[in-house]
Structure formats: structure tokens, C-alpha cells
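Each ligand, and each atom within it, is numbered from 1 in the order the structure gives. One is the number of the first residue; the rest follow in order along the sequence. Computed from a predicted model, the values in this text were never measured in an experiment.
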Amino acid sequence: MIVMKFGGTSVEDAPAIGRVAEIVGSRSADDPVVVVSALARVTDQLLSAGRAAAAGDRSAALESIQALRQRHLDAASDLLPAAYSSKLQPELESSFDHLQELLISIATLQELSPRSTDGLLSFGELLSSEIVSAAFAARGLSCEHVDARECLITDAAHTKAAPLFDETRARLEARLRPLVERHSIPVMGGFVGSTLDGIPTTIGRGGSDYSASIVGAALDAGRIEIWTDVPGMMTTDPNLCPEARLITEISFDEAAELASFGAKVLHPATLLPAIEKNIPVWVLNSRDPAGAGTCIRAHAPRNHHPVRAIAAKRHTTIVNVAGERAWIPRGFLREVLAVFDRHECQVDIVASSQVRISLAVESDSVTPELLAALESFAPVSCEPRQAIVSVVGENLRGRQGIAARVFSSVAAAGVNVRMISQGASEINIGFVIQEEDVPAAVRRLHSDLFADPKGREGLAMAAVQPQPGTARSCDSH
Ligand code: ASP
Ligand code: MG
């Protein structure tokens, strides 16, 4: 069996869902399990309706739910023959009635808690998976809608819940395996789950990719396909650099570094379950199903470029914490990191000197509470509007002169480097620059590091063979 996950833009309207049905139909011999996101932008709209309700703007909240209701009903009626549409419509209406009740109670309490946020957001995937499953049935595919809340079991950390893997595996095995065995396609929403008590949870924005790989790992899938609206993983963001090229093959480690450091095509946690079970993950384009896409797996052939890809993570702040008397006492770093940890602020890069510690973190995680906690024992200053640029590739391992090439390239772009991290990951050179310098730095790096004019990724890759012991072993499981 395989897992096929379709993102929001791949199910945004009736024509898109029609394409999904065709793609899934073409793979039916592989026994797919289908995981879908909410229709494009729906999660954002649900969230802003919830916020409007909590702020007392009940009519704005109800109006936006009315618009969502119409959009889903239209998609269903455009997509489905009358017989199927009239069967689905009452189910959609009843979901929207529940959604409306929930919003009214949020407006009455004027409070949007993490728990009610999850209740609200879970509707997006619930609705899309019902429509997609009806579309499959109408096209003659044998399928069954599966409520993800019954299968993906998590802790109660609402809005960023962590899966309880043993329970989830048991539930997925019990619910999905019999369907797969009789060649019926399970269709479920990604991103949503529930606690052991059945309270809806979500696993973090963009989490449908992660759901798909949890399902794939639980059922030992032959591959996990992430269908999206771009050709695959690219050598850099094509919006920043039009010369960006498709990466046809990439290792788990390289792709995981890129996903954590700004490549938006995959949720950062996606690869973990796949790596554990050594399941290849494909990134494919639902608007161009015949495209090559990107294959992410344990061993990817070395390419002939010095690196595999360049990512940029904007929206970064540097927090500087000074030592009390202009030096760093023993235990200071531990104390500082403990504060970041307590405030759930993930540190991306750390640099320390005799006099202070600098930490690069995601800007939204720098809360007044975090700063107050740090200020209680040390002088603190912040540098907002920074970005982390990461240059990633297995070829970086032990190669001389690459760091010099990277930094002279950035210097040639006239860009100042504020912090550097090298060596923590052997396959990633990361550095912090001002956010406004990202386009210039990335373009220059890309043209210097991918200079070969005839070098399409993949063509000359066989030139350098992987060295034994440098890539993750295939037999670890
Ligand atoms: N619909 C959710 C979101 O927008 C999950 C996902 O699409 O992956 O974050
Ligand atoms: Mg996504």
C-alpha cells in the first residue's frame, strides 16, 4: 500500500478535486490510503472567524462561516452528480450547523482557548475529506471516509499536540488495514486527531504532511506521496531566484535540514516517521502528475554541485543575553537555555563569546514573558527582522574550501553576516543575515554554487559515488 497526501491547493475547488480523483484512480493498483488538507485557505478563515467571535464580532464570524458553507456546498454540487450531491449535502449542512454552534459559544464566552481552536479547525479537514471521498465514490472508486479523530491519537497539548504513536498505530491498523485488504481506499483528513478522551486536537499548522507520514509508517507503506502545487523540492525558492531547479533525488538528512530551515514544501516533522521505517517520500505536483517530482530517501546519489540546496528562514530574531559583569559565569548558558525551553521557544542557532550569548529564534516565539524572564538575571537586547540562510548538501562533509566559497559569495553580494553555525550538522552551513538581504544573498549563492551551465540536477550525479558510511543505512530496520 501507499499513502497519498493532497495539500489545500490540490483540493481547493471542484476541478482540483476532480484531478485528485484521477490521480488516485491511476494508482488504485497500489492500494492507496488518501490523506487530505482542508480546502485552500479554510484553516486561516476558520481561525479568523474564531478570533472575530472571541473579540465580540459575532456577525463577522457568522458571515465568514456562511461564506465557507457556500464554498463547500458549491464545490460538492459542481463535482458530484445529483444523486451523490443530495446524499452529501445534508452531512455538510449538519457539520456547518455544529460549526456555527461552536462559534456562537465562542462569541458568548468571548474566549478562544487552544481547545476550542482545535474544535474549530478540525472542521476544515473533516469537510474536505467528506467531499473528496464522495468525489471518489462518484467516479466509481471503491472508498470509505475515515474520521481522523478516531485514528490519530495525541496528547492534550492543543494546537500543537504530539501523537501517541503506539495507540495511533493500533487504531490505524484496526481501522485502515481491513479497508486496504479489500482494496477500498480510506480517505481521511490530515492535521486533526483527538485525545484518548475523544477531544479534537491538531498537530500544528501544515501538519497534514506529518499525518500522512505517521499513517505511512504505522502501516508500513511502500512509499508516501506528498502532492502539492509545485514541481517538487527545488534548489532554492523559485520566487527568490528564477534559476532554481528541481531536485530529483535528495537524502532524508538533506531534506530534513531544508524542511527545518525554511523550505516550505514539507512540514519539518514529516520525515521522522518515514526515516524510522525507511520509507521513501515523494513530493509531486497535482497540476502536473506526469512531472518527475522529488524522491527523498536514505541514499541519494551525490550531485556534482558542491551543495544540494539553499533555504532561507525569515522572520528570525537574534536575542542577545549579556553576562552580568561583562563575562559569562559558569552555568549561565544552561540557565539561559532553560528559560527558552520553559517558554517553548525553539533556538535555531546559538553563538557564545566571553561576554554574551546570542540566540537566533523564530520572531513570534519572542514573547514579552520570555524577555522578562531573561531580564530578571541579565541584560537583554533583540535584533528583529533577521533571516537564517542554510546551505545544505551531503557533499559538504569534510570538503575543504566550501565555507570560504559560501562566505565570499555572500560578501560579493554586499551582505553582512551576523552569526554563523557550522559543524553542528555536517551537511548544513547556516548563517544569519538581515531579512532584507535575503534575495541578494540567495541569488548570488545560487549562481555561484550551481554554476555549471549544463548542470541540471540529476544529469551528472552519477559522477560522484556515495562514500560508504556517509549516508544513513538502509538496513537499520
Ligand atoms: N489545514 C492545515 C493548515 O492549513 C493543515 C495542513 O494543511 O497541512 O495548517
Ligand atoms: Mg503544507
Side-chain angles (χ1 to χ4, degrees), residues 3-13 16-17 20 34-51 64 68 71-72 75 95 99 114 117-132 147-149 151-152 154 157-163 187-194 200-216 224-234 237 239 255-256 258-274 281-287 293-294 296 311 313 362 364:
V3 175
M4 303 176 76
K5 179 263 170 177
F6 294 88
T9 49
S10 298
V11 293
E12 65 187 343
D13 53 19
I17 298 173
V20 167
V34 172
V35 176
V36 292
S37 290
L39 312 200
R41 299 176 303 282
V42 165
T43 308
D44 284 335
Q45 287 159 358
L46 288 169
L47 197 55
S48 52
R51 288 185 180 141
S64 64
L68 279 178
R71 181 173 163 205
H72 284 79
S95 294
L99 175 53
T117 301
D118 279 352
L120 191 62
L121 298 191
S122 64
F123 280 94
E125 271 70 11
L126 196 66
L127 292 158
S128 66
S129 54
E130 285 190 62
I131 296 176
V132 169
D147 187 336
R149 294 170 300 186
C151 301
L152 180 57
T154 70
H158 286 285
T159 74
K160 45 180 185 320
V187 182
M188 61 188 276
F191 176 56
V192 305
S194 78
T201 53
T202 62
I203 57 173
R205 293 302 307 272
S208 292
D209 297 342
Y210 188 28
S211 297
S213 92
I214 293 168
V215 172
I224 296 162
E225 297 181 348
I226 305 290
W227 288 85
T228 176
D229 59 355
V230 293
M233 293 190 88
M234 309 288 286
D237 179 353
N239 296 316
L258 291 167
S260 310
F261 284 99
K264 294 204 182 62
V265 69
L266 278 184
H267 183 278
T270 309
L271 294 173
L272 299 175
V281 176
W282 287 80
V283 181
L284 296 156
N285 186 356
S286 67
R287 292 179 184 155
T294 301
I296 309 169
K313 184 172 181 179
E362 214 257 301
D364 285 343

Checklist entry - So, are K5 and E125 salt-bridged, with charged N and O less than 4.0 Å apart? => result no
Item to check | Proximity flag G207 to ligand 1, non-hydrogen atoms under 4.0 Å | outcome: yes
Next on the checklist: Closer than 3.5 angstrom, by distance alone: can the side chain of S128 be matched with the main-chain N or O of S37 as a donor-acceptor pair?
Outcome noted: yes
Checklist entry - Is there any N or O on T43 that sits under 3.5 Å from an N or O of ligand 1? => result yes
Item to check | CH2-OG1 distance between W282 and T294, expressed to the nearest 0.5 angstrom | outcome: 8.5 Å
Next on the checklist: Closer than 4.0 Å to some heavy atom of E125 - which atoms of ligand 1 meet that?
Outcome noted: 1 (N), 2 (C), 5 (C)
Checklist entry - Can you find a pair of side-chain heavy atoms, one from D44 and one from R205, that are under 4.5 Å apart? => result yes
Next on the checklist: F191 versus ligand 1: do any nitrogen or oxygen atoms come within less than 3.5 Å of each other?
Outcome noted: no
Next on the checklist: If we set the cut-off at 4.0 Å for heavy atoms, which region of H267 has an atom near ligand 1: side chain, backbone, both, or neither?
Outcome noted: neither
Item to check | Nearest protein heavy atom with distance in Å, relative to atom 7 (O) of ligand 1 | outcome: S37 OG, 3.0 Å
Checklist entry - Can you list the ligand 1 atoms lying under 4.0 Å from a non-hydrogen atom of R205? => result 3 (C), 4 (O), 9 (O)
Checklist entry - So which protein heavy atom does atom 6 (C) of ligand 1 come closest to, and at what separation? => result S208 OG, 3.4 Å
Next on the checklist: Yes or no: does G124 have any heavy atom under 4.0 Å from an atom of ligand 1?
Outcome noted: no
Checklist entry - Does any non-hydrogen side-chain atom of D229 lie less than 4.5 Å from one of E12? => result no
Next on the checklist: Using side-chain heavy atoms (C-beta onward) and a distance below 4.5 Å, is I203 in contact with S211?
Outcome noted: yes
Item to check | Any side-chain donor near an acceptor of the partner, T201 and D118, under 3.5 Å | outcome: no
Checklist entry - Going by distance only, is there an N or O of D209 that falls short of 3.5 Å from an N or O of ligand 1? => result no
